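For reference, the structure is listed below as structure tokens.
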There are 2 protein chains.
Amino acid sequence: MTAATTLLAALEGSGHRTTGPRRIVAELVAGQDGAFTAVGLESAARAGGVHVGRATIFRAIELFESLGVVERVDLPAGDHAYVACVSHHHHHVICTTCGRSTEVEDVGIEALARTVGRRTGFRVDEHRLELFGICPDCQRVASGT
Amino acid sequence: MTAATTLLAALEGSGHRTTGPRRIVAELVAGQDGAFTAVGLESAARAGGVHVGRATIFRAIELFESLGVVERVDLPAGDHAYVACVSHHHHHVICTTCGRSTEVEDVGIEALARTVGRRTGFRVDEHRLELFGICPDCQRVASGT
DNA sequence: GCGGCGAATGATACTGAGTCTCAGTATCAG
DNA sequence: CTGATACTGAGACTCAGTATCATTCGCCGC
């Protein structure tokens with residue numbers, strides 16, 4: 001839940017207004033504990049009894065993303081999802097069962113990108129690494145009892 | 001252009017019918033020389049004067065994908081794109097300027113995935129690595145004349 | 001505490017990618 | 001050639017995401 005605070009702090013710190021709807025979206029994001037989609041947030045809002053316009057949710061997510069406190073990931077199924085994160089470069093491991101995500105500090109992919117650049121002649125500017133698997137909890141559940 | 005042959009061969013080899021529309025889609029894919037989107041193929045077909053139903057294009061792409069001769073990638077902009085490839089595990093470097101893509105044989109990401117697994121406790125089953133940059137040709141063009 | 005300005009909101013209409021259906025057609029085996 | 005059936009395509013449909021714009025609200029100065 002302190003995650004919501006982080007999101008709001010980022011808002012204030014960048015000269016954006018801290019409004020009611022944004023506060024709500026921040027809470028929703030913080031309450032997701034993993035990857036979430038825009039549509040998911042929308043229905044979460046409805047389920048929570050609060051009303052926030054669709055456009056506002058999209059705008060809020062977009063804003064959080066531009067502030068670096070939320071990051072876009074593409075699920076294997078092709079959906080556009082997001083995960084809250086603590087900024088700076090890192091990647092995510094996403095549980096395909098429960099959707100929870102964990103951040104992974106740089107594991108040497110920069111070097112890997114350089115290798116690719118050298119090998120192909122490309123100037124590699126950007127990369128996206130997403131890992132999918134089963135989180136410890138779900139493994140425990142899956143492995144009988 | 002031999003790429004179209006590869007696609008069609010994969011079709012035949014898997015017990016699927018080699019039909020006119022599929023042939024057309026294969027040609028279109030082969031003629032893209034890089035990443036392409038379903039919509040792009042559709043308009044390419046229209047531009048080429050041939051007519052293939054939207055549904056058919058989507059189905060053909062899906063089929064090629066399931067045969068492993070075409071792979072899905074997600075562009076930084078969030079579009080769903082595809083690239084033709086020669087199957088088995090590898091990754092792509094995609095030029096953000098011209099869209100051309102190059103395959104990269106495994107560069108040690110398996111090890112990287114294992115490291116992540118060890119560090120997070122996740123059982124990493126799947127990963128997606130996409131590299132974006134500027135290809136040699138575009139670099140040349142960009143760097144004055 | 002009050003007022004004004006501009007940012008933010010949200011209802012709604014719109015866009016466009018991707019899916020589904022189903023009658024008609026084309027492919028391939030026999 | 002013929003039948004079984006896989007494939008096709010027109011078009012309706014769904015639904016995520018965007019654009020519009022009048023109204024509201026947060027913030028800042030007073």
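Quick caveat: nothing in here was measured; it's all calculated off a predicted structure. Numbers restart at 1 for each chain; the letters A, B, ... are given by sequence-line order, proteins then strands. Note that these values count all heavy atoms, side chains included, but never hydrogens, waters or copies made by symmetry.
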Exercise for the section: Would you kindly give the CG-to-C1' distance between Leu63(A) and dG26(D), to the nearest whole Å? Expected result: 15 Å
Can you tabulate the close N/O pairs, meaning under 3.5 Å, that link protein atoms to atoms of nucleotides 1-3 of chain C?
none

Exercise for the section: Return each pair, listed once, that meets side chain to side chain donor-acceptor pair (under 3.5 Å) where at least one residue sits in residues 46-56 of chain A; pairs must be two or more places apart or across chains. Expected result: Glu42(A)-Arg54(A)
Problem - Protein-nucleotide distance (Leu41(A), atom CG; dG10(C), atom P), rounded to Å - result: 14 Å
Exercise for the section: For Leu8(A) and dA8(C), give me the distance from atom CG to atom C1', rounded to whole Å. Expected result: 15 Å
Handout entry: Phosphate-side-chain proximity, His51(B) and dA10(D), N/O vs OP1/OP2 below 4.0 Å
Key = yes
Practice task
Give the angle between the helix axes at the two ends of the helix from dG1(C)-dC30(D) to dG30(C)-dC1(D), taking five base pairs at each end and rounding to 10°.
Solution key: 40°
Problem - Non-hydrogen atoms of Val29(A) and Ala84(A) that approach each other most closely - result: CG1-CB, 4.0 Å
Exercise for the section: May I ask you to decide if Gly121(B)'s main-chain N or O and Gln139(A)'s side chain share a donor-acceptor pair within less than 3.5 Å? Expected result: yes
Exercise for the section: Would you kindly give the CZ-to-C1' distance between Arg23(A) and dC27(D), to the nearest whole Å? Expected result: 13 Å
Handout entry: Flag side-chain contact, heavy atom, 4.5 Å: Leu131(B) against Phe122(A)
Key = no
Handout entry: Point-to-point distance, once rounded to the nearest 0.5 Å, from CZ of Arg23(B) to OG1 of Thr5(B)
Key = 10.0 Å
Fill in the blank from the handout: Residue set satisfying side-chain hydrogen bond (donor to acceptor under 3.5 Å, both in side chains) with Arg59(A), at least two apart, ordered chain then number -> none
Practice task
Would you check if His80(B) and His80(A) make a side-chain contact, meaning some heavy-atom pair closer than 4.5 Å?
Solution key: yes
Problem - Stepwise side-chain contact (heavy atoms from CB on, under 4.5 Å) check, Val25(B) with Phe64(B) - result: CA-CA 10 Å; Val25(B) 175; Phe64(B) 287 139; 4.0 Å; yes
Problem - Annotated protein contacts, base or backbone, on nucleotides 12-30 of chain C with a non-hydrogen cut-off under 4.0 Å, one of B, S, - each - result: -----SBBBB-----BS--
Handout entry: Phe132(B) side, atom CZ; Thr96(B) side, atom OG1 - distance, nearest 0.5 Å
Key = 9.0 Å
Problem - Sidechain-backbone polar pair: Ser101(B) side chain, Gly34(B) backbone, donor-acceptor under 3.5 Å - result: no
Problem - Arg128(A): side-chain hydrogen bond (donor to acceptor under 3.5 Å, both in side chains) partners, not counting sequence neighbours - result: Asp74(A)
